[in-house]
Amino acid sequence: MAQKINKSKSPRLQRPPKGNPVVSNPHWKFQAMTLALVTLLVYLPCIHCPPLWDDNLLVFENRLVTDTRWFWKIWFSTVPLDYFPLTLTSFFLEWHAWGNNMVAFHLFNISLHIANALLLWRLLARMRIPGAYWGAMLFALHPINGTTVPWIAEQKNTLSMLFYLPAILFFWEWMEENNLTKYYISLACFVLALLAKTSVVMLPVMLILFYWWRNGRVQRRDFIALLPFFAAALGLGLLTMWFQHYRSIGEMVVRPEGYPERFATAGMAVWFYLEKILAPINLTLVYPRWRANPAAAASYIPLLLVIAVAAGFFLLRHRMRAVAFAFGLFLISMLPVLGVLTMAYHRFSFVADHLVYSSLPALTALLAAGIVTKIRSRKAAITAFILIACAYIPLTLQRAIAFSSPEKLWKQNMEKNPEAWVSYAQLGYEIAVKSSAMQDVNQRRRMLEQALHYFDESIRRNAENSEVLGNRGHAYSELADLSQNPKFFTNALQDYEAALHYFASNADVYYNRANTYLLMSEKNPTREMYDKLLSDFDKAIAIKPVPDWIVRRGMVLGTLGRFDEARRDFQRAERAGVRPPEDFMIRFNNAEAKARMLNKREANTR
């Protein structure tokens, strides 16, 4: 087998000399600075972008991140919506270092991406892959990464890659040097990568290909060496699946499709990603959600083609060694996110640019190696790389500009995918949130009406979305308070009822409905109204005990003269670090003192 490998026209593996092949390059500092500077400049337009989509949920409104007393729950509880404790720990440290400074958050994520590109260069150089620097440069500038890098919540990707690449590098060096310390470092890096995001769970299978690439075969002892890697992948993979099923998804119906349809769409996803990597145009945040007819044979053609191509590369692995290696790495690393396993994101789409981040290096390295190998002239090869980089830069810059504001991002997504209900829902949400800061009543009313328009468009495309129905109900409630039109209160209550019909455990809907009843009680302060709003506060807090909500309920109880219950709520919230407004507490204490004095007088009279 060794003779066949040596006769291959693919780039041959050479045993690398000891030392760092990157540092041995006299121009490495200039090259590294060039890569870092160009990447930074391309992503500069996004650094002022405020939180978007799930950024608040994961970071800025997440007590696991903002409250030091909750830090232990990141690692040792089922409170998080997903199990990526290393990423949440990073968010925790960042938030306590610079608070809500968005520029700092964005620059940190860009820095992680740059570090990953440099690590990729180091790995490819160590493996003696031709064009190692350009493979890393193409990865750094590729437009498909224009979703991961500007999106704070997707620091899961960049942080995981920061340990994923060293896991491969140290494993390779262990194979070369038989240094057991590097084996253990590789295993530790892999565990850290999993703890940042478990989408890298297929690394143990990929390492089998690295064995084959280096030795031309895989032996029984190689599988034995990989057993700890498989154990880590299995354990954390199953844990993540539990969190996805019971915490992220819960009662939501994300994937009603059966497994035949899932396998069909998985085949479509492979070709979709290959197309977007080779021709990164018309990129967007949320792509159309495909439907495959499981009864139609044509639905399985993309999957059959993937299997045929993979089988072809396997049969021709000695003649097309580099292509088979790169395609194998890409396909194996993509398996967890192709749509066979249920993910919370599948309620929006089966594909997303950020899901390909850890799989992209295999193909950019193959492209770079192919150019260097096929184009004999060094100047011509460099020219080809510069042309590709110049094609990438405006496309990546376009993505960074789209991420400069949530409104711009969602409007662009509407243009490219008009049927994406989430675009209208998020744009309506952004406008509704901004309206609350408006002092001018007429301007605020106009913004709420605009938000309602987008909520209507979202519900027209997906009538069963509890979250959007709840947000529209809240907007109706705000509009009713501004315009003094009771019809909007009726609309709000109808939306809340529909939202709870589709998702009975939606704590936010219960909380918002309680506040709607509270507004209505100003005109109609009946016992029935107060019973309804307190019942909804109880249900909301039972599902999600947010300290601010507990304070809100306590203030209502205090207003109703139920001082002991209110005091218990205030004490409970204070233990979580939240206190009622000072002016309210002055009035509350005075009212409580008067009530106790009256009760004492009545008792003495009796």
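Since the model is a prediction, treat every value here as computed from it, not as a measurement. In what follows, every heavy atom counts, from backbone to side chain, and hydrogens, waters and symmetry copies are set aside.
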Q: List in chain and number order the residues that pass side chain to side chain donor-acceptor pair (under 3.5 Å) with His113, two or more places apart in sequence or in another chain; answer none if no residue qualifies.
A: Tyr357

Q: Does the side chain of Lys416 pick up a donor-acceptor pair with the side chain of Asn282 at under 3.5 Å?
A: no

Q: How are the rings of Tyr511 and Trp549 set to each other: parallel, tilted or perpendicular (split at 30° and 60°)?
A: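 Taking Trp549 first and then Tyr511, their aromatic rings lie parallel (interplane angle under 30°).
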
Q: Would Phe350 and Tyr287 count as a ring-ring contact (aromatic ring centres under 6.0 Å, His included) here? Give the steps.
A: CA-CA 8 Å; Phe350 299 139; Tyr287 292 100; over 10 Å; no

Q: Do the ring planes of Phe91 and Phe105 sit parallel (below 30°), tilted (30 to 60°) or perpendicular (above 60°)?
A: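 Phe91 vs Phe105 ring planes: tilted.
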
Q: Drop me the distance from Leu64's CG to Asp67's CG, to the nearest 0.5 angstrom.
A: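 Between Leu64 CG and Asp67 CG, I get 9.0 Å after rounding to 0.5 Å.
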
Q: Tell me whether the rings of Tyr345 and Phe348 are parallel (<30°), tilted (30 to 60°) or perpendicular (>60°).
A: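 Answer is perpendicular, since the angle exceeds 60°.
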
Q: Do we see a donor-acceptor contact under 3.5 Å between the side chains of Asp82 and Gln244?
A: yes

Q: To the nearest 0.5 Å, what is the distance between NE2 (His453) and CD (Glu449)?
A: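 Reported value, rounded in 0.5 Å steps: 12.0 Å.
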
Q: Atom OG1 in Thr240, atom NE2 in His245: separation rounded to 0.5 Å?
A: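 So the gap between those two atoms works out to 14.5 Å.
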
Q: Between the side chains of Trp95 and Asn100, does any donor sit under 3.5 Å from an acceptor?
A: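 Yes - a donor-acceptor pair under 3.5 Å links their side chains.
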
Q: Relative to the ring of Trp410, is the ring of Trp53 parallel (under 30°), tilted (30 to 60°) or perpendicular (over 60°)?
A: perpendicular

Q: How far does CZ of Arg562 sit from CG of Asp569, to the nearest 0.5 angstrom?
A: 10.0 Å

Q: Do Arg399 and Gln412 get their side chains close enough for a donor-acceptor pair, meaning under 3.5 Å?
A: yes

